[in-house]
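Only one structure is covered here, and it is reproduced in the block below.
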Amino acid sequence: MRLVVAGEADVDPPELDALTSQLRQRLLELDVDTVRLERSDEAVPEGAKPGELLAVGALAVSLVPAVLRPALRLIETWMQNRPVRTVRVEIDGRVLELGHASKEQQQLLVDAVLHGSSDGTGSPAPTGGPATASRVQDTQSARD
């Protein structure tokens with residue numbers, strides 16, 4: 001599972017990094033295998049010390065399927081009262097963007113991702129365009 005935290009408009013990179021670290025610590029409290037900061041694909045800027053760049057706001061989470069629902073609930077709860085606009089969750093080609101939707105809307109989206117559809121019928125999730133707080137995107141289908 002890959003997570004990308006997007007802060008509100010007034011959140012600067014150091015604050016976003018701190019928020020991401022907070023989420024990482026909370027996820028480690030669950031029975032997950034690993035939660036690591038994601039590496040950036042960008043090249044190291046000229047003149048910078050050699051090493052790897054971290055993607056600010058991105059986490060890679062390894063977990064067993066039984067922990068997926070508790071992890072998504074933790075993310076939803078964690079977002080409350082924090083300057084976080086969205087958390088983009090990528091799971092096996094599906095993208096779920098948790099934001100400021102109602103608790104019921106969030107639950108419907110989580111269920112859709114966990115059951116492999118956007119409408120609870122088992123039909124593929126809609127594609128084309130970014131996932132939002134009201135929609136799930138199946139990126140696997142979009143690539144085919």
Side-chain angles (χ1 to χ4, degrees), residues 1-45 48 51-144:
M1 174 168 72
R2 181 174 190 268
L3 306 175
V4 179
V5 179
E8 297 290 350
D10 61 344
V11 173
D12 59 12
E15 186 177 5
L16 182 59
D17 187 44
L19 287 165
T20 304
S21 293
Q22 289 173 11
L23 178 57
R24 180 180 180 274
Q25 290 302 317
R26 293 294 313 275
L27 287 165
L28 285 169
E29 294 171 8
L30 295 176
D31 193 18
V32 297
D33 296 328
T34 60
V35 182
R36 62 181 168 74
L37 297 173
E38 184 128 316
R39 305 290 178 208
S40 175
D41 293 336
E42 296 178 21
V44 176
E52 294 182 325
L53 289 178
L54 295 177
V56 177
L59 295 171
V61 183
S62 298
L63 48 74
V64 294
V67 183
L68 185 55
R69 185 177 295 273
L72 292 173
R73 284 193 184 131
L74 182 143
I75 294 165
E76 290 172 323
T77 303
W78 175 83
M79 287 179 64
Q80 296 172 2
N81 302 316
R82 286 189 173 74
V84 174
R85 187 176 64 241
T86 62
V87 175
R88 181 180 171 102
V89 181
E90 299 174 17
I91 308 165
D92 295 331
R94 296 207 182 283
V95 176
L96 170 65
E97 195 161 322
L98 300 173
H100 297 290
S102 72
K103 192 170 192 135
E104 293 78 20
Q105 289 171 322
Q106 296 277 20
Q107 190 57 51
L108 287 172
L109 289 171
V110 168
D111 288 344
V113 166
L114 294 177
H115 299 308
S117 73
S118 63
D119 58 6
T121 65
S123 302
T127 60
T132 66
S134 63
R135 192 168 78 146
V136 177
Q137 179 180 5
D138 183 347
T139 57
Q140 215 39 42
S141 297
R143 288 190 294 252
D144 296 340

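Heads up: numbering here begins at 1 and tracks the sequence. Here the structure is a predicted model, which is why all the values come from computation and not from measurement.
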Would you give me the side-chain donor-acceptor pairs under 3.5 Å for residues 68-79, sequence neighbours excluded?
| unit_1 | atom_1 | unit_2 | atom_2 | d |
| --- | --- | --- | --- | --- |
| R69 | NH1 | D111 | OD1 | 2.8 |
| R69 | NH2 | D111 | OD1 | 3.2 |
| T77 | OG1 | R73 | O | 3.1 |

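Pairs of residues two or more places apart, or lying in two chains, that qualify as salt bridge (Lys or Arg N to Asp or Glu O under 4.0 Å) and include a residue from residues 19-30 are R26-E29.
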task = List the steps and the verdict of side chain to side chain contact (heavy atoms under 4.5 Å, CB included) for L63 and M1.
result = CA-CA 8 Å; L63 48 74; M1 174 168 72; 3.7 Å; yes
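For S62, the side-chain hydrogen bond (donor to acceptor under 3.5 Å, both in side chains) partners are T34, not counting sequence neighbours. When the side-chain hydrogen bond (donor to acceptor under 3.5 Å, both in side chains) test is applied to R85, no partner is found at least two apart in sequence or on another chain. Shown here are the side chain to side chain contact (heavy atoms under 4.5 Å, CB included) partners of A18, two or more places apart in sequence or in another chain: there are none. Checked against side-chain hydrogen bond (donor to acceptor under 3.5 Å, both in side chains), E15 has no partners two or more places apart in sequence or in another chain.
For the pair R94 and D92, the minimum side-chain heavy-atom distance is 4.5 Å or more. Residues Q25 and L23 fail the side-chain proximity criterion, which asks for heavy atoms closer than 4.5 Å.
Contact between L37 and T20 at its shortest, heavy atoms only, is CD2-CG2, 4.2 Å. Between L16 and V5 the shortest heavy-atom distance is CD1-O, 3.5 Å. Closest approach of V95 and E90 over heavy atoms only: CG2-CG, 4.0 Å.
Rounding to the nearest 0.5 Å places OG1 of T86 at 11.0 Å from CG of L3. A distance of 7.5 Å separates CG of L19 from CZ of R82, quoted to the nearest 0.5 Å.
The environment of CG in N81 is sparse: at most 12 heavy-atom neighbours from other residues, nucleotides or ligands sit within 6.0 Å.
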